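Presented below is the structure to which this report refers.
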There are 2 protein chains.
Amino acid sequence: MKNINQVYPKDSSPCNCMNIRRASRAVTQFYDEALKPSGLTISQMGLLRHIKVTEMITISDLAKMMRIDRTTLNRNMKPLDDAGLLVIRSGEDSRTRQISLTDEGKVAVDNAWKMWGEAQSSLKEYLGKEDLGKLTQLLAKLEAIIP
Amino acid sequence: MKNINQVYPKDSSPCNCMNIRRASRAVTQFYDEALKPSGLTISQMGLLRHIKVTEMITISDLAKMMRIDRTTLNRNMKPLDDAGLLVIRSGEDSRTRQISLTDEGKVAVDNAWKMWGEAQSSLKEYLGKEDLGKLTQLLAKLEAIIP
DNA sequence: TGCGAATGAGTGTATATGCACACAATAAAC
DNA sequence: GTTTATTGTGTGCATATACACTCATTCGCA
């Protein structure tokens, strides 16, 4: 099967956005596969880990930190809340919600963390230290393309 | 607001997967913003463009080419089909479906293409030719981390 | 202190993503 | 030629993503 880049007319170039979206899907599947025994996706583990290292953060602040839409974050918490891995309380300012992990949530993160480590190491080995460093730098810059 | 990388314990490293997912979201929003007047998302334009350069391709082949799940592709076509931008016919092998653009679809792609060009150029200028080349190479390798 | 502005959160809607499963049609084996 | 394996597609389900809009609460100021 030909890649789209081989069939594009010569006067055009492959879409950088589709390139990163494809790579993102592939890497996500790679990590999800590694995390499978934990019952968490990489997205969920990432969210839980953010909550763990910033106890009692509000939804908006957490969204800013993760650079994800506030409403997306809100919905992503739903299955984790249902599973009893996190709790959502009203803060002093009753507009805010304070998010924190339950004991069960902490256990789940610690468990998934080991599998995550395997995937992380595996990717590092796959790309090589130098390329991984460059990639990290480039992704950070890309992320900053929007305010 | 602190970045998660600044609050992680020293003995851990930031997640490469979350890094690429964040960057992917940002770049997607950047392109979607540029494509806004066209009424298409970058994902939709990418799909339509693939169909345009490979007239009468089947769903499975298109999915392989785009490296996207077959069922995801199937559903992504829905709004474009509803909008009359593409047609789905049964192939000679009656298990298959032949996808092609309508005239309206071709016009929509050509229109969005101009706006895409702006975003593409803008990103190239933002990263610089050298870094963009390196990025493209790294993304291609990442994509190949899964079969 | 009371009113308008700003902030934090939730919901409706729509698209994107992929796994598990089911079904129909073709291809392969015998 | 019939049976079996393979292939191409569709659907149910669950999660991920973000925009537009609404609502409640707090803040700032006159």
Side-chain angles (χ1 to χ4, degrees), chain A residues 1 17-18 20-33 35-36 39-48 57-83 85 88-99 146, chain B residues 1 17-18 20-33 35-36 39-48 57-83 85 88-99 146:
Chain A
M1 175 58 49
C17 187
M18 296 303 279
I20 194 171
R21 288 173 64 89
R22 279 200 314 278
S24 176
R25 287 196 300 268
V27 174
T28 297
Q29 283 173 49
F30 179 75
Y31 275 76
D32 278 350
E33 179 63 31
L35 283 176
K36 211 168 187 177
L40 294 177
T41 64
I42 183 60
S43 167
Q44 294 171 335
M45 200 209 71
L47 172 51
L48 291 177
I57 195 171
T58 67
I59 294 180
S60 287
D61 282 349
L62 185 53
K64 279 174 200 156
M65 178 181 286
M66 295 181 69
R67 289 189 66 92
I68 198 172
D69 189 89
R70 179 184 59 77
T71 66
T72 299
L73 175 60
N74 199 18
R75 290 180 153 100
N76 288 355
M77 289 193 301
K78 181 75 167 47
L80 302 172
D81 188 18
D82 291 346
L85 303 182
I88 308 175
R89 299 191 194 85
S90 276
E92 281 186 32
D93 179 340
S94 68
R95 288 172 304 182
T96 66
R97 302 285 178 275
Q98 300 286 336
I99 316 298
I146 58 169
Chain B
M1 176 57 49
C17 186
M18 296 303 279
I20 194 171
R21 287 172 65 89
R22 279 200 314 279
S24 177
R25 288 197 300 268
V27 174
T28 297
Q29 284 173 48
F30 179 75
Y31 275 76
D32 278 350
E33 178 64 30
L35 284 176
K36 211 168 188 178
L40 294 177
T41 64
I42 182 61
S43 167
Q44 293 172 335
M45 201 210 70
L47 171 52
L48 291 177
I57 195 172
T58 67
I59 295 180
S60 287
D61 282 349
L62 186 52
K64 279 173 201 156
M65 179 181 284
M66 296 181 68
R67 288 189 67 92
I68 197 172
D69 189 88
R70 177 185 59 77
T71 66
T72 298
L73 175 59
N74 198 17
R75 288 181 219 276
N76 288 356
M77 288 193 300
K78 181 74 165 54
L80 302 172
D81 189 18
D82 291 346
L85 303 183
I88 309 175
R89 298 191 196 84
S90 275
E92 281 186 33
D93 179 341
S94 68
R95 288 171 302 183
T96 67
R97 302 285 177 274
Q98 300 286 337
I99 316 299
I146 57 170

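Computed from heavy atoms alone, side chains included, the values below leave out hydrogens, waters and symmetry copies. This structure is a prediction, so every number in the text was calculated from the model and none was measured. Each chain gets a letter, A, B and so on, in the order the sequences are listed, and its residues count up from 1.
- Contacts of A:Arg25 with the nucleic acid, taken as non-hydrogen atoms under 4.0 Å apart, involve only primed sugar atoms and P, OP1 or OP2.
- At a cut-off of 3.5 angstrom, the base of D:dG12 holds at least one donor-acceptor pair with the side chain of B:Arg75.
- Contact annotation: B:Asn76 reaches the phosphate of C:dT17 (side-chain N/O to OP1 or OP2, under 4.0 Å).
- Both A:Thr72 and B:Arg95 lie close to DNA chain D; mapped to their nearest nucleotides by heavy-atom distance, the more 5′-ward contact belongs to B:Arg95.
- OP1 or OP2 of D:dT26 lies within a sub-4.0 Å distance of a side-chain N or O belonging to A:Ser94.
- A:Arg21 has a side-chain polar atom (N or O) that falls below the 4.0 Å cut-off from OP1 or OP2 of C:dT17.
- The closest donor-acceptor contact from the side chain of A:Asp32 to the backbone of A:Thr41 lies at 3.5 Å or more, if one exists at all.
- In terms of heavy atoms, B:Arg67 sits closest to A:Arg25 at O-NH2, 3.2 Å.
- The pair B:Lys78-B:Asp82 counts as a salt bridge, with a side-chain nitrogen and a carboxylate oxygen less than 4.0 angstrom apart.
- Atom CZ in B:Arg22 sits about 12 Å away from atom P in D:dA18, given to the nearest Å.
- With B:Leu47 as the partner, the side chain to side chain contact (heavy atoms under 4.5 Å, CB included) test is satisfied by one option alone out of B:Leu85, B:Leu80, B:Ile99: B:Leu80.
- Whole-Å rounding puts the B:Glu92 CD to C:dT26 C1' distance at 13 Å.
- Using a 4.0 Å cut-off, no side-chain N or O of B:Asn74 falls inside it from OP1 or OP2 of D:dT9.
- A straight line from CE of A:Met18 to C1' of C:dT17 spans 13 Å, rounded to a whole angstrom.
- For the pair A:Met66 CE and D:dA16 P, the computed distance is 10 Å after rounding to whole Å.
- Rounded to whole angstrom, the span from the CG atom of B:Leu35 across to the P atom of D:dC19 amounts to 14 Å.
- Position along DNA chain C of the nearest nucleotide to A:Gln29 versus A:Arg97 favours A:Arg97 as the more 5'-ward residue.
- Computed from coordinates, the B:Ile68 CD1 to D:dA16 C1' distance equals 13 Å when rounded to whole Å.
- The minimum heavy-atom distance linking B:Gln29 with A:Ile146 is given by the pair OE1-CD1, 3.6 Å.
- At D:dT25, none of the side-chain N or O atoms of A:Thr96 fall inside 4.0 Å of OP1 or OP2 (strictly under the cut-off).
- Contacts of A:Thr28 with the nucleic acid, taken as non-hydrogen atoms under 4.0 Å apart, are absent.
- Nearest-nucleotide assignment on DNA chain C puts the 5′-proximal partner with A:Ile59, out of A:Ile59 and B:Ser43.
- Taking every heavy atom of both residues into account, B:Gly91 and B:Gln98 meet most closely at CA-CG, 3.7 Å.
- Regarding A:Asp69, its CG atom lies at a distance of 14 Å from the C1' atom of C:dT15, rounded to whole Å.
- Across the protein-nucleic acid pair, A:Asp32 atom CG and D:dA14 atom P stand 17 Å apart, rounded to whole Å.
- Checking A:Arg21 against B:Thr28 by side-chain atom types alone, a donor-acceptor pair falls below 3.5 Å.
- Contact annotation: A:Thr71 does not reach the phosphate of D:dC19 (side-chain N/O to OP1 or OP2, under 4.0 Å).
- Across the helix from C:dT1-D:dA30 to C:dC30-D:dG1, the helix axis at one end is tilted relative to the axis at the other end by 10° (nearest 10 degrees, each axis from five pairs).
- Looking only at distances, a side-chain donor or acceptor of B:Arg97 sits under 3.5 Å from a matching main-chain atom of B:Arg95.
- Looking at heavy-atom distances under 4.0 Å, B:Arg70 makes contact with a base.
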